[in-house]
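One structure is given below, encoded as C-alpha cells.
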Amino acid sequence: MERVAIITGASRGIGRATAVRLARDFSAVALVARTPDALAETAERVQAAGATPLPLVHDLRQPDAAGAVVAATLQRFGRIDAVACIAGAVSPADLFALTDEQWNDGMALKFHSARRLTIAAWDALKATHGSVAIMSGTTASTPKASLAAVGTINAAILALAKAFADRGIKDGVQVNTILPGSVMTDRRLTMLHGYADTNGLSIDAAIDRFATEAGIARFGQPEDIANAIAFLFAAESHWITGTAFRVDGGETKEL
C-alpha cells in the first residue's frame with residue numbers, strides 16, 4: 001500500500017533515525033532539513049531501507065517553507081499519510097541569559113514550524129485519515145531556569161498538539177506529542193565533551209555520571225524515539241490521540 005510520510009529535522013539525530021525507521025513502513029518519505037549534504041546521506045539510508053526519498057532543503061523558520069514542503073510532497077506522491085515534526089534545536093541558555101532573538105528563534109524553529117506544517121498538511125491528512133507526531137520533551141513538565149526556553153516551548157507544544165488533536169477527532173486526523181528524555185544525539189554528546197573537559201573526566205565517565213544523576217540505566221538512542229513514532233503511526237495505534245507520549249527510560253518520576 002502506498003503511504004507517504006514527511007519528516008522534519010531529517011538530516012541528523014532523531015529526525016534521521018525516524019526517517020530510516022519509517023522507510024520500513026511507508027513507501028515514500030519526504031525529508032526536510034537545512035543542510036543539503038547531510039540530507040542527501042539520510043536520503044541514501046532511506047532508499048536502502050526500502051522507501052523512495054524526497055529530500056527538501058528548507059529553513060522551516062521561514063513562513064512559506066511549510067507550504068512549499070507540502071506542495072512538493074503532493075506534487076511528487078499525491079498524498080500525505082503522516083507528518084513527524086522533529087526539527088527544532090532550542091537554545092539551552094539560562095533564563096536570565098536568553099535574548100529576545102534566542103526566544104524568537106526557538107519559537108520559530110520548533111513551535112511555529114510544527115504549527116505551520118500541520119496546518120498546511122491538514123487537508124491531505126484528512127483525506128488519508130493520517131497522523132501527526134510533534135516533538136516536545138520531558139522538560140515540558142519539569143521546567144528549570146537553566147533550560148527556560150526549552151521547557152517553555154516544549155510546554156507550548158503540548159497545548160498546541162492537544163488543540164490539533166481536538167480538531168482531529170472530527171476530521172479523522174490522529175495527533176500526538178512525543179516527549180523524549182535524555183537521548184544521545186550529536187548535540188548532547190558535544191555538551192558532554194565540554195562537561196568532561198571542564199571537570200577533568202573521560203567522556204565515558206561524564207556519560208555515566210549524567211545517566212546516574214538522571215536516574216536512568218542508560219541514555220536513550222535516536223532509534224528509541226523513532227520506534228515510538230513508528231508505533232504511533234501504525235494503523236493499530238490510530239485510536240491513540242491527544243496523548244503526550246513519554247519516552248525517557250524512566251527518568252521522569254511523576255505520575
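Computed from a predicted model, the values in this text were never measured in an experiment.
- Using a 4.0 Å cut-off between charged nitrogen and carboxylate oxygen, Arg218 and Asp208 do not count as a salt-bridge pair.
- Linking ILVMFWY residues whenever their side-chain heavy atoms come closer than 4.5 Å, directly or via other members, places Leu22 and Phe245 in the same cluster.
- By the criterion of side-chain heavy atoms lying less than 4.5 angstrom apart, applied directly or through intervening Ile, Leu, Val, Met, Phe, Trp or Tyr residues, Ile14 is not grouped with Leu60; the two fall into different hydrophobic clusters.
- Transitive grouping of hydrophobic side chains (ILVMFWY, heavy atoms separated by less than 4.5 Å) brings Val83 and Ile157 into a common cluster.
- Residues Leu31 and Leu54 form no side-chain contact, since every pair of their non-hydrogen atoms from C-beta on lies 4.5 Å or further apart.
- Between Leu125 and Ala82, the shortest heavy-atom contact is CD2-N, 3.9 Å.
- Ionic pairing of Lys170 and Asp166 is not present here: no N-O contact between side-chain nitrogen and carboxylate oxygen is shorter than 4.0 angstrom.
- Of all the heavy atoms in Met184 and Gln221, the pair that sits closest is CB-NE2, 3.9 Å.
- Closest non-hydrogen pair, Gln102 versus Ala97, comes out as OE1-O, 3.8 Å.
- Scored by the ring pair (Phe, Tyr, Trp, His ring centres under 6.0 Å) test, Phe219 finds no partners at all (sequence neighbours excluded).
- The 12-atom threshold is exceeded at CD of Glu213, counting heavy atoms of other residues, nucleotides or ligands nearer than 6.0 Å.
- Scored by the side-chain contact (heavy atoms from CB on, under 4.5 Å) test, Ala71 finds no partners at all (sequence neighbours excluded).
- Contact of the Asp204 side chain with the Arg209 side chain is not registered, since no non-hydrogen atoms from C-beta on lie closer than 4.5 Å.
- Among residue pairs with one or both ends in residues 82-102, none qualify as salt bridge (Lys or Arg N to Asp or Glu O under 4.0 Å); sequence neighbours excluded.
- Residue pairs that meet the side chain to side chain donor-acceptor pair (under 3.5 Å) test with at least one member in residues 49-72, sequence neighbours left out, are Asp59-Arg61, Arg61-Asp105.
- Considering only heavy atoms from C-beta on, Leu160 comes within 4.5 Å of Phe164 through its side chain.
- Between Arg246 and Thr252 the shortest side-chain heavy-atom distance falls below 4.5 Å.
- At a threshold of 4.5 Å between side-chain heavy atoms, the hydrophobic network of Ile, Leu, Val, Met, Phe, Trp and Tyr places Val183 and Leu189 in two separate groups.
- At a threshold of 4.5 Å between non-hydrogen side-chain atoms, the residues Val4 and Phe26 do not count as touching.
- The minimum heavy-atom distance between Leu158 and Ala140, with the atom names listed, is CD1-CB, 3.7 Å.
- Under the 4.5 Å side-chain contact rule for hydrophobic residues, Leu95 and Val90 do not share a cluster.
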Could you tabulate the donor-acceptor pairs under 3.5 Å formed by side-chain atoms of residues 171-178, not counting sequence neighbours?
unit_1, atom_1, unit_2, atom_2, d
Asp171, OD2, Trp122, NE1, 2.8
Gln174, OE1, Ser131, OG, 2.5
Gln174, NE2, Leu232, O, 3.1
Gln174, NE2, Ser237, O, 2.9
Gln174, NE2, Ile240, O, 2.8
Asn176, OD1, Gly242, N, 3.3
Asn176, OD1, Thr243, N, 2.9
Asn176, ND2, Ile240, O, 2.8

Identify every side-chain donor-acceptor pair in residues 6-13 under 3.5 Å, counting partners at least two apart or on other chains, and give the distances.
unit_1, atom_1, unit_2, atom_2, d
Thr8, OG1, Ile86, N, 2.8
Thr8, OG1, Ala87, N, 3.0
Ser11, OG, Thr35, OG1, 3.3

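- Side-chain contact, Arg16 with Thr42: a donor N or O sits under 3.5 Å from an acceptor N or O.
- At a threshold of 4.5 Å between non-hydrogen side-chain atoms, the residues Arg34 and Val57 do not count as touching.
- When side chains are defined from C-beta on, Glu44 does not count as touching Gln47, because their heavy atoms never get closer than 4.5 Å.
- Counting only N and O atoms by type, the side chains of Thr139 and Asn154 include a donor and acceptor under 3.5 Å apart.
- Contact of the Met135 side chain with the Pro180 side chain is registered, since non-hydrogen atoms from C-beta on lie closer than 4.5 Å.
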